Number of protein chains: 2
Amino acid sequence: MGAEDRLSVVFGALADPTRRAILARLAEGPATVNEIAEPFAMTLPAVSKHLKVLERAGLISRGRQAQWRPCKLEAGPLREASDFLGRYRPFWQGPIQDGALQAS
Amino acid sequence: MGAEDRLSVVFGALADPTRRAILARLAEGPATVNEIAEPFAMTLPAVSKHLKVLERAGLISRGRQAQWRPCKLEAGPLREASDFLGRYRPFWQGPIQDGALQAS
DNA sequence: CCTTTTGTTTACCTATCGGTTAATTAGACC
DNA sequence: GGTCTAATTAACCGATAGGTAAACAAAAGG
């Protein structure tokens, strides 16, 4: 994943089960870092790194309340990713279509 | 991307602009490795590795005609990825929904 | 058989990833 | 100020990613 374009960063962020599980957790509402980390068999710094990846991808935002840093799902980039995949829908839905498919 | 579950492999494959461009090319029809490599400023082995990544993700298949290995788009896994993203649609569409969101 | 074309495989290199432990920052609380 | 809790940063580690050049394999075509 040595690329820096938006879509690569977003897909890269999604390419890890821990990070997808974090997104699923945040879909139920905001949570602090410790709350997010609780289900995982890894240390806090590891979770902190995952959160940084998600933040870089624009998939979460972080607030500040005292010493807590509540994280919140930001689903906008998922829409861009979904739009990308949507362009391929003809290829998994129908049998054969001639593809109007603009650049990635 | 050190994970091996299907979704991680697919998202990992998509997390590179070269590989997405290859998919876009194959959306216009099958192509040989040299045809695929032609637009890119990299060596053939590099393209060959990208193709292997795409093949592992189930996103392409390869045939055999004499010394040519024609590649073909296999969009099935993109549907699974799209289904995953689809579960988050309420979070980018509407304002606030209570999320019925099963595990990743 | 030799050569050309097509593509893969084999080292190799550097950078990034995902994880750890230890140290550090920052705010709450007494 | 001292201490507890929350979270990040720093330093380190082994494994993987993405690229190269060079060697190899396999089929076509003289």
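Given the structure is predicted, the values throughout are model-derived calculations rather than measurements.
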Self-check item: Short side-chain N/O contact to dG18(D) OP1/OP2 from R19(B), under 4.0 Å
Solution: yes

Quiz item: Which whole-number value in Å describes the distance from Q65(B) CD to dT5(C) C1'?
Solution: 15 Å

Quiz item: Rounded to the nearest Å, what distance is computed from the CD1 atom of residue I36(A) to the C1' atom of nucleotide dA6(D)?
Solution: 13 Å

Quiz item: Of the options I60(A), L54(A), L59(A), which is the one that meets L26(A) in a side chain to side chain contact (heavy atoms under 4.5 Å, CB included)?
Solution: I60(A)

Quiz item: After noting the C-alpha distance and the side-chain angles of L14(B) and R19(B), does the key distance pass the side-chain contact (heavy atoms from CB on, under 4.5 Å) rule?
Solution: CA-CA 6 Å; L14(B) 293 174; R19(B) 287 193 292 262; over 6 Å; no

Quiz prompt | Distance test, side-chain N/O of T43(A) to OP1/OP2 of dG19(C), below 4.0 Å | solution = no

Quiz item: Starting at CD of E38(A) and ending at P of dA7(D), how long is that distance when rounded to a whole Å?
Solution: 13 Å

Practice problem: Measure from CG on L14(A) to C1' on dC17(C) and round the result to the nearest Å. | Solution: 16 Å

Quiz prompt | Qualifying side chain to side chain donor-acceptor pair (under 3.5 Å) pairs, either residue in residues 75-84 of chain A, two or more places apart | solution = R6(A)-E80(A)

Exercise. Assess whether side-chain contact (heavy atoms from CB on, under 4.5 Å) is satisfied between H50(A) and F40(A), documenting all intermediate values.
Key: CA-CA 12 Å; H50(A) 281 303; F40(A) 300 109; over 6 Å; no

Quiz item: OP1 or OP2 of dA17(D) less than 4.0 angstrom from a side-chain nitrogen or oxygen of H50(B), does that happen here?
Solution: no

Practice problem: Can you tell me the distance, in whole Å, between the CG atom of L54(B) and the P atom of dA17(D)? | Solution: 13 Å

Please write out each protein N/O paired with an N/O of nucleotides 6-10 of chain C under 3.5 Å, distance rounded to 0.1 Å.
| from | atom 1 | to | atom 2 | distance (Å) |
| --- | --- | --- | --- | --- |
| dG7(C) | OP1 | V33(B) | N | 3.3 |
| dG7(C) | OP1 | R69(B) | N | 3.4 |
| dG7(C) | OP2 | N34(B) | N | 2.9 |
| dG7(C) | OP2 | N34(B) | ND2 | 2.3 |
| dT8(C) | OP1 | R62(B) | NH2 | 2.8 |
| dT8(C) | OP2 | S48(B) | OG | 2.5 |

Quiz prompt | Atom-to-atom span, CZ of F40(A) to P of dA7(D) - whole angstrom | solution = 15 Å

Practice problem: Determine, step by step, whether R69(B) and T32(B) satisfy the side-chain contact (heavy atoms from CB on, under 4.5 Å) criterion, reporting the C-alpha distance in whole Å, the side-chain angles of both residues, the deciding distance to 0.1 Å, and the verdict. | Solution: CA-CA 6 Å; R69(B) 250 59 120 234; T32(B) 67; over 6 Å; no

Quiz item: At their closest point, which heavy atom of L73(B) faces which heavy atom of A27(B), and how far apart are they?
Solution: CD2-CA, 3.9 Å

Quiz prompt | Which nucleotide in dG19(D), dG27(C), dT20(C) has an atom nearest any side-chain atom of A46(B) | solution = dG19(D)

